[in-house]
Amino acid sequence: MENSSVRGVASIHSHIFKTGFCEELFLMTFLVNVYAKCGEMASARKVFDNLPKRNVVTWTSLMTGYIHNSQPEFAIDIFKEMVEVGGYPTNYTLGIILNACSSLFDIEFGKQIHAYIIKYDIEYDASIGNALCSFYSKCRCLDMAIRAFQRIEEKNVISWTAVISACGDNGNSAMGLDMFVQMLAEGVEPNEVTLTSVSSLCCTMQALDAGSQVHSLSIKLGYESDLPVANSIMYLYLKSGCISGAKKLFDGMNTVSLITWNAMIAGHAEMTSHADDSLSAYICGTEALKIFHRMQKSGLKPDLYTFSSVLSICSSLVALEQGEQVHAQTIKTGFLSDMVVGTALLNMYNKCGSINRATKTFLEMSTRTLISWTSMITAFAQNGHSQQALEIFEDMRFVGIRPNKITFVAVLSACSQAGMVDQGLAYYEMMKNEYKIIPVMDHNACMIDMFVRLGRVEEAFDFIKKMDLAPNEFIWSILIAGCKSQGKLELAFYAAEQLLELKPKDPEIYFLLLNMYLSAERWKDVSRVRKMMKDEKVNKVVDWSWISIRNKVYAFKADTKKHHNDEIAKLLVDLLDRAKAIGYKVETNLEMTVHDENEEAIIALEPAHAHHSEKLAVAFGLLNTSNEAQIRVNKSISMCSDCHNFIKFVSILTSRTIIIRDSKKLHKFDTGQCSCKDFGNLV
DNA sequence: CTAGGGTTAG
């Protein structure tokens, strides 16, 4: 509250004092309340301490004040003091104290309060039951929360809202939605808080249909311009992939808050990182950055939510320069000290291939969470620094942070990159036995990759047979890629059959298969795969690359034209000649990653005349940046092995570091080596 | 004097 209000209260206070009314308990309790509402807990406390006598209401007012001013521990102290001097808590008091226990995660004390409630047989009371419900929800005991709700004799809107949110907060959105339907059936009218919770449930379920019904209902009930309602419905549209719906809502809002903008940016960020293909990710990401700039133009200052989302967008776009600008902003505004922002920054530098700055960010963090550590391990692993990844993993264990399954994905992939089978197996066992983590497909994929990289495809196959999980499309495609490079065609064809039975969703997998059957000249299989692609409506794969230079993003599409005389083409021809002179050999096997726009024909590219998109983007980068600048390119599909090899030579010829982030991996080319150690390419 | 709600990282 503003200073003027505080001054007003103080003047009333002195007035009461002068007129001698300070003996009036009712007045003084009121004063405690008003001070608390102004955030002046010291004054509230002073009034309270000077009172000759107090009643439960006075005590409760002080506790409420502490809770509203985020000092729940003081509220509990006051409560204990009250009980010690013989005060009896009312149902209000008990509700307040349960609230304090929730925010402190003080499960023990909360349970003591619950015992007291049972002793006096007052679980049926709504204010008590509601508070118990949300206490157990915060303690992640959904069963107990529901039980508390059920025992309420006269369930009101708040009871229903509390139990619905409890379901959502504990990962059971579907049940929450059921509860909502039940609530409507019992004739309880939802209010704006209920609607916010319910649309947030629909959001996590990505239930667009249910969500738009909630939207209509909130219009009907007149809550559509309530800011939290509007924000959560807008976010729901975004998360369910309905950008137009979100945009319509956003444009129609009379008042927006920072949360509105943040939701808009976060929604786009989410779509950017989870997009099916890199092209839509690129479109979403650039749109999000535009929204971010518009927000700043409107005069609002970004906060930690804004910064984390924007940094995550910069990661997806491999937009280092923009990321650096945001970095500067986080320093200026002090938000860098937030660990979520710090971790997002670390991640941004990693995804832009700058492991040094990622490491620096990590080292400068004042506190590190499991996620920060895991990000750092992932960064080392992705940049080909396996040894450091494992060292920092051991450091993390040493400081007593318990790894989770995502940490182990990073650890195992570090082992697989470095070909450390023994250590990989040891960590796999450690994960299962010491940390009781049940392996998920990603862990298995790392293990299979580990054998495949060393050419031990039979062991990889044995591992697949021994897995508890049924192998998915990615497992088989790793095996196939390995078999291909080892010339173990029989196993490759077997794996291909397994793969086809799964009807994979990833279009690149079909190209892997096509490529394999084509080189084996198994035409029947070729047409079988093509027919399947048609039947399964596999999306067209478009080979796009883009590069961000001085805050502008330039996109390139694979070039199938045979004649072009522009600067880029000239540079590529020149590089090709010079590369050949120092040992580069054009790979002759068919490239099939380019799908012609209108046709399903597959075009074989001849590198001398036409180019995959990343070559164009790299050439453009070479022409438009200073001599020592890194080149950072984002690509919509996996690199082919010919381009991969060619770019290695380019890194020698130009003495540049070239970073290409394709749909599967990060490739950092430096003096003829790639950080993926040549196992990153699928086609 | 009281209970319930919207946006961030691996």
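Each chain gets a letter, A, B and so on, in the order the sequences are listed, and its residues count up from 1.
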Any side-chain N or O of A:N347 less than 4.0 Å from the OP1 or OP2 oxygen of B:dA9?
->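 It does not, given that no N or O in the side chain of A:N347 lies less than 4.0 Å from OP1 or OP2 of B:dA9.
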A:K155 side chain to A:I152 backbone, donor-acceptor under 3.5 Å |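 Looks like yes, one N/O pair under 3.5 Å.
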Is there a donor in the side chain of A:S316 and an acceptor in the side chain of A:S273, or the other way round, less than 3.5 Å apart?
->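 Side chains of A:S316 and A:S273: no pair found under 3.5 Å.
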Just checking, any donor-acceptor pair under 3.5 angstrom between side chains of A:S416 and A:D449?
->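 On atom types as modelled, these side chains qualify, holding a pair under 3.5 Å.
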Please name all residues satisfying salt bridge (charged side-chain N to carboxylate O under 4.0 Å, His left out) with A:K360, sequence neighbours left out, ordered by chain then number.
-> A:E364
Counterpart residues, salt bridge (charged side-chain N to carboxylate O under 4.0 Å, His left out), relative to A:D121 (two or more places apart) |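 None.
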Rounded interatomic separation in angstrom, taking [atom1] from [X] and [atom2] from [N]:
X: A:K405; N: B:dG10; atom1: NZ; atom2: P; answer: 15 Å
X: A:N350; N: B:dA9; atom1: CG; atom2: P; answer: 16 Å
X: A:I313; N: B:dT7; atom1: CD1; atom2: C1'; answer: 13 Å

Got a list of side-chain donor-acceptor pairs under 3.5 Å for residues 334-349 of chain A, not counting sequence neighbours?
{"unit_1": "A:S337", "atom_1": "OG", "unit_2": "A:G334", "atom_2": "O", "d": "2.9"}
{"unit_1": "A:D338", "atom_1": "OD2", "unit_2": "A:V340", "atom_2": "N", "d": "3.0"}
{"unit_1": "A:D338", "atom_1": "OD2", "unit_2": "A:V341", "atom_2": "N", "d": "3.1"}
{"unit_1": "A:T343", "atom_1": "OG1", "unit_2": "A:M339", "atom_2": "O", "d": "2.7"}
{"unit_1": "A:T343", "atom_1": "OG1", "unit_2": "A:S372", "atom_2": "OG", "d": "3.2"}
{"unit_1": "A:Y349", "atom_1": "OH", "unit_2": "A:H327", "atom_2": "ND1", "d": "2.8"}

Under 3.5 Å, which protein N or O atoms sit close to an N or O of nucleotides 1-5 of chain B? Give each pair with its distance.
{"unit_1": "B:dA3", "atom_1": "N3", "unit_2": "A:N130", "atom_2": "ND2", "d": "2.8"}
{"unit_1": "B:dG4", "atom_1": "N1", "unit_2": "A:N191", "atom_2": "ND2", "d": "3.3"}
{"unit_1": "B:dG4", "atom_1": "N2", "unit_2": "A:N191", "atom_2": "OD1", "d": "2.7"}
{"unit_1": "B:dG4", "atom_1": "N2", "unit_2": "A:N191", "atom_2": "ND2", "d": "2.2"}
{"unit_1": "B:dG5", "atom_1": "N2", "unit_2": "A:T196", "atom_2": "OG1", "d": "3.2"}
{"unit_1": "B:dG5", "atom_1": "N2", "unit_2": "A:D226", "atom_2": "OD2", "d": "2.6"}
{"unit_1": "B:dG5", "atom_1": "N3", "unit_2": "A:T196", "atom_2": "OG1", "d": "3.4"}

A:L258 versus A:M295: any side-chain heavy-atom pair under 4.5 Å?
-> yes
Can you name the ring-ring contact (aromatic ring centres under 6.0 Å, His included) partners of A:Y435, sequence neighbours left out?
->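 Counting only residues at least two positions away or on another chain, A:Y435 forms a ring-ring contact (aromatic ring centres under 6.0 Å, His included) with A:F408.
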Heavy atom of residues 366-378 of chain A under 4.0 Å from DNA chain B: which residues?
-> A:T369, A:L370, A:I371, A:T374, A:S375
Report which part of the nucleic acid A:N91 touches: base, sugar-phosphate, or nothing (heavy-atom distance under 4.0 Å, all strands).
->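 Since no nucleic acid heavy atom lies under 4.0 Å of A:N91, the category is nothing.
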